J.: 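Supplied in structure tokens, the structure appears directly below.
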Number of protein chains: 2
Amino acid sequence: MASSSSLTLSQAILSRHASISHRNASSNPHNLPSISLPTFSGLKSTATPSTTTSRRRSSSTRRQAQVLASATLETLVKTDTALVEKSINTIRFLAIDAVEKASSGHPGLPMGCAPMGHILYDEVMKYNPKNPYWFNRDRFVLSAGHGCMLQYALLHLAGYDSVKEEDLKQFRQWGSRTPGHPENFETPGVEVTTGPLGQGIANAVGLALAERHLAARYNKPDAEIVDHYTYGILGDGCQMEGLSNEACSLAGHWGLGKLIAFYDDNHISIDGDTEIAFTESVDLRFEALGWHVIWVKNGNTGFDEIRAAIKEAKAVKDKPTLIKVTTTIGFGSPNKANSYSVHGSALGAKEVEATRQNLGWPYEPFHVPEDVKKHWSRHVPEGAAYEAEWSAKFAEYEKKYPEEAAELKSIITGELPAGWEKALPTYTPESPADATRNLSQQNLNALAKVHAGLLGGSADLASSNMTLLKMFGDFQKKTPEERNVRFGVREHGMGAICNGIALHSPGLLPYCATFFVFTDYMRAAIRISALSEAGVIYVMTHDSIGLGEDGPTHQPIEHLASFRAMPNVLMLRPADGNETAGSYKVAVLNRKRPSILALSRQKLPQLAGTSIEGVEKGGYIISDNSSGNKPDVILIGTGSELEIAAKAADELRKEGKAIRVVSLVSWELFDEQSAEYKESIFPVAVTARVSIEAGSTFGWQKIVGAKGKSIGIDRFGASAPAGKIYKEFGITAEAVVAAAKSVS
Amino acid sequence: MASSSSLTLSQAILSRHASISHRNASSNPHNLPSISLPTFSGLKSTATPSTTTSRRRSSSTRRQAQVLASATLETLVKTDTALVEKSINTIRFLAIDAVEKASSGHPGLPMGCAPMGHILYDEVMKYNPKNPYWFNRDRFVLSAGHGCMLQYALLHLAGYDSVKEEDLKQFRQWGSRTPGHPENFETPGVEVTTGPLGQGIANAVGLALAERHLAARYNKPDAEIVDHYTYGILGDGCQMEGLSNEACSLAGHWGLGKLIAFYDDNHISIDGDTEIAFTESVDLRFEALGWHVIWVKNGNTGFDEIRAAIKEAKAVKDKPTLIKVTTTIGFGSPNKANSYSVHGSALGAKEVEATRQNLGWPYEPFHVPEDVKKHWSRHVPEGAAYEAEWSAKFAEYEKKYPEEAAELKSIITGELPAGWEKALPTYTPESPADATRNLSQQNLNALAKVHAGLLGGSADLASSNMTLLKMFGDFQKKTPEERNVRFGVREHGMGAICNGIALHSPGLLPYCATFFVFTDYMRAAIRISALSEAGVIYVMTHDSIGLGEDGPTHQPIEHLASFRAMPNVLMLRPADGNETAGSYKVAVLNRKRPSILALSRQKLPQLAGTSIEGVEKGGYIISDNSSGNKPDVILIGTGSELEIAAKAADELRKEGKAIRVVSLVSWELFDEQSAEYKESIFPVAVTARVSIEAGSTFGWQKIVGAKGKSIGIDRFGASAPAGKIYKEFGITAEAVVAAAKSVS
């Protein structure tokens, strides 16, 4: 019986952890001896509270699991340890076999981390294999994503439909659900997309932040409706990346007690022993970052050590915990264990055979022994019970707290309140001139009133990026219900944390901010937003030489082009208030791709002809004195240069020219329009086109064509007042007028 | 007298540091009392050895400086402390006045860090103001670059021609030598370009690495010809950036004892008190990273504490030192000190006046009091003497060790040995097919034999990036003379460290490597390479979907476009052996801009028609069966897709078409060719053009025109064997043939 297996295992542990019970009578219907189950127990369904104040109700599944086996504890210890070992070896061989079949992949980590993987998925975590999106599930992130076969094996054993045996056999093949690194958009059960090192642990910080924030906002003394842990495994590579230090420094600062990260301390990276490049004290560094640190010295066979560490980690509620688990990479491989050769290559038939011999594994490739299968089979009914129990709890919550429940529901489902977009401010040409960064803040604050899931902040530039939500305080250790997140000067960590927040719940809408040029620091995280379909809003101010005196280190040039080239990103450069509102409308609606808003430091006038609807089309006409879709010249601008295009048009019209002015606020959205619409904006017959944008002209030839001209900046900027730089660099109405005359 | 001022100051310190002399008779010509001068002494010219084993000779300047003043020490202490305070206030007010005049800038840091700045430039560092490029100077890096007025004030006082009074008055103005952040290419005396936080401290690690490496290679027991310190100041912002953790972890690992970093611990960042986002223990973290850590609790007036800390730091030879100096941001401003308002804005006339009152500063803006001027005036003759002394030493060295001297000279001057390029390998179509990453390694190893300054390595992917120099061992703490640098998984730190190495000496040629997609992690450092004219070679392998199974997280798509859009970068994508050699030739010759080599994981054939000379032109014809510069179609490829273009040409020629195949290995180099040359490759009249590249098509319209077609990838990649992905994504000769037919 699956549940008795799990039970006996728990009892085996209990024999070493007996203590006074925290459970009350109602949660102990069978009058079991009053002993406390450690939180890492296989008896997850006995509902050990994950915080001391929570009291769960029993469910039929749990009751079933609480029936005591009749065998003696002594016997059980042996039996169950053997079964645990067998399960762990199953994980190891599923990884070995899949990598071998693909002739590609990373067997070393799964072989070394199988024990912690087994304990997490079989004994500790709460999840529902048949609904990987159940809101209150524990989250798991494999930050060392190359070891993805570990996670695929665990999802397979746990009963997820996304990873069947045939999927394991298709590891790393075209169209499979088991790609070379974990990808949330391919494999339900995978929470985030990892592989680029350090991203995962930072995502995990975001997931843990989301849990803490939502728990603080929605839990009630009688209803702990948000309550899960976030687990992660990171390797030496993740540890070396500065990104992980940024995110972990914040996790320590915020005291994210329900974040538990396993550090696979195996002393091997691709180039060999970590001694050659990584001799810092990771333990001490994490203590410095405000984490609780535990060292499991024997991660290969010290199952109880791992369990005890998790128990200890859960008991520390005001700090995240790093469990350093010393493991042997490629454990079990007699000739390749503990060497870099097992990190990223198939073992080879001979060594696979040797490993089978060494670990006593007589089975065919991809075989899951019946007793292991049986043991794991309880997770499907248990998972269903977890969700059912939570759903019942939520139904009660909804009765008692209808407003909060409705709000939380919108966060869980991502459904927007009807008419939300009416909250966005609108502007007329008479509205005062303003920097789009300020207009952005008006939009953020307007959205905060109607969007329950909006939260975010800046990398120490809140007062420059204009990102503070005025009706809220700071998200901090003691005020986790607030929505202004202070990321410090940690752009990369900020982006990756926001990916975690976005992927926690469909209705969470994280935004983050810095100067546009510093997207360079966080580009890897932005790419993961795009790839993993995390609809983060990037509020990027000081978007050109228009920032002035800070000079070329702070002035973006190539950044617009570089994001226009990146797949699945919306790069938006609004010109004024209406276009800023339009950009926010687009950003809020696009939950499967990130939006980057490039915003000005300098004041810009509210232009005639701009509109939210225009922005939604990516490119549109703001003014035109031509007829029959035959302008003499089309002037195209974006953001702060749209004003210049409009001015140049005025000049040229005075001279009798028929001039169309187009705002090309988002190339991606424009690309998605119909051919007819595109022809109505850029008629093929009209080749006299001039673009102006205070950035690289790279890519503009697509818009202006071979006969057009692009006014832009193909060098680094300069330190001087903004107006002076614009003039010196020729980003002027005069230059547009001259170019227009030269092309028409 | 300047020198007596400095002397008396030293004596004042000496009264507290008397001990047994380490100087021998010859260095003590005036028979001074036999006492040891602390290394932080104002009497730098008394040549306190910077390592215990070194023994310097006296020079006339030093002798002059050793004349004892007749006044008693007691009196001198007062006088000199007063003068030091006056000098420090001069620095503060130069910063205040320049920011005020510009109405832009950051007065807070200079006001808080003026004491450590004064002590460094006036009492500790060895430099020659009239030759800012003197090889053996101490290096100083202001990592907190926004505080650049501190450095400008110090350079001004020290007598650098780059920062005259009129330059200070032109702070942050168009064309000035005092831009908004320190820029080495604008201001001689500034070593590197800082501002983007964390870059500077990582550059400093590179500078210190360069010193240690060159010292290990060239110093002799009787001639310490390379021997300087690297100092830096970093702020809270730098500390929060993951980049600084990466670089500092390596500095600790390498034991760079001559790196001394001051941490301006002022508890204020732009968003307010660092308490809101930065509560980790920096001290403990640096201890974890293997640094020696000292805390100066009173950085505002504790001059002797600062001096003692530097002395202690110099005594610790096997670890870098972090001197945490607790300061008050905006020290002296009665209403704005210790607040974020003084961080990044001018004080305002009223507060400037209040600060003048508060610090007792009766002078006009930009005034340097006579006694302060006099005190600092000794640095010009002293600096000249330092250089003269070193030059004499080098002349002796040259006599004794002519080979080493010649090599070192080439590193100091950047002059390449005649005929060096002959070392580059060449290939014929009969040479075996190979991945360009392997061909790259052949080039690197060939270059290492002729280029004394070549050193570098990979971010833990040496065996994938193929970057090991086979004739050398690893640069490590105990083998600093070796040239294979092991960066660990720290791409960003790696890039920034290489910038420091490149800017240490014109003849140092650092290269660094990772997968091309992970340029996203180090993009900010690459941009600084481009801006600061650091000719780093970026060896970026696995440059497309051709890497196969690792999948979309590892497959670059938009990266070629994103670097083609970045100013002052050479983006090179060689197709085979000859083109790889050509790319290295170009990279070695371009010392004022970085080169990025995009290299394949997969094997590629040696193509007919490729050449080093072709690469030098950026784009060239590898095969053509047309005449009169009138091909029917031009096929254009780069890197691994040039082979596909060549195959498609073969097909089309079989059908009787006149086909030109162009390799466009570097767009930047091609752009620099004459109009005639360009017309000879891409005749305006020939609009039938097809490009193929396994990356974003963004930007290609410039090459193929409105009537041409670009075959590329405008989505994320996939996890599968490479051949399968190429086929599924349509990156095939068939697709090129079809496109060619459709456009011609």
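Letters go in sequence order (proteins before strands), and every chain restarts at 1. Keep in mind it's a predicted model, so treat the numbers as computed, not measured.
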J.: Keeping the roles fixed (side chain from Glu246(A), backbone from Ser244(A)), state whether a donor-acceptor pair exists under 3.5 Å.
T.: no
J.: Need one label for Thr193(B): side chain, backbone, both or neither, based on atoms under 4.5 Å from any heavy atom in chain A.
T.: side chain
J.: Is chain A contacted by the side chain of Glu549(B), its backbone, both, or neither, given a heavy-atom distance below 4.5 Å?
T.: both
J.: Between Glu183(B) and chain A, with a heavy-atom cut-off of 4.5 Å, which part of the residue counts as in contact: side chain, backbone, both or neither?
T.: side chain
J.: Given a strict heavy-atom distance threshold of 4.5 Å, which part of Pro182(B) is in contact with chain A: side chain, backbone, both, or neither?
T.: neither
J.: Quick one: list whatever passes ring-ring contact (aromatic ring centres under 6.0 Å, His included) with Trp667(B), sequence neighbours left out.
T.: Phe698(A), Trp700(B)
J.: Give, as side chain, backbone, both or neither, the part of His492(B) having an atom under 4.5 angstrom from any heavy atom of chain A.
T.: side chain
J.: Under 4.5 Å from any heavy atom of chain A, what part of Leu250(B) do you find: side chain, backbone, both or neither?
T.: side chain
J.: Check whether Asp550(B) gets within reach of chain A through its side chain, its backbone, both or neither, counting any heavy atom under 4.5 Å.
T.: both
J.: Check whether Ser696(B) gets within reach of chain A through its side chain, its backbone, both or neither, counting any heavy atom under 4.5 Å.
T.: side chain
J.: Please flag which part of Ala706(B) lies under 4.5 Å from any non-hydrogen atom of chain A: side chain, backbone, both or neither.
T.: neither
J.: Check each atom of His146(B) against the heavy atoms of chain A and say whether the ones under 4.5 Å are side chain, backbone, both or neither.
T.: neither
J.: Do the numbers put Arg523(B) on top of the ring of Phe563(B), so that NZ or CZ is under 6.0 Å from the six-membered ring centre and no more than 45° off the axis?
T.: yes
J.: Which atoms of Ile725(B) come close to chain A, meaning under 4.5 Å heavy atom to heavy atom: side chain ones, backbone ones, both, or neither?
T.: both
J.: Under 4.5 Å heavy-atom distance to chain A, tell me which part of Phe278(B) shows up: side chain, backbone, both or neither.
T.: both
J.: Heavy atoms, side chains only, cut-off 4.5 Å: are Leu284(A) and Leu284(B) in contact?
T.: yes
J.: With a 4.5 angstrom heavy-atom cut-off, is it the side chain or the backbone of Ala247(B) that approaches chain A, or both, or neither?
T.: neither
J.: Side chain, backbone, both or neither: which part of Ser176(B) has a non-hydrogen atom closer than 4.5 Å to chain A?
T.: neither
J.: Quick one: side-chain contact (heavy atoms from CB on, under 4.5 Å) partners of Ser249(A), sequence neighbours excluded?
T.: Leu289(A), Arg490(A), Glu280(B)
J.: What are the two closest heavy atoms between Ser463(B) and Ile270(A), and how far apart are they?
T.: OG-CG2, 3.9 Å
J.: Among Pro567(A), Ala530(A), Gly180(A), who wins on heavy-atom pairs under 4.5 Å with chain B?
T.: Pro567(A)
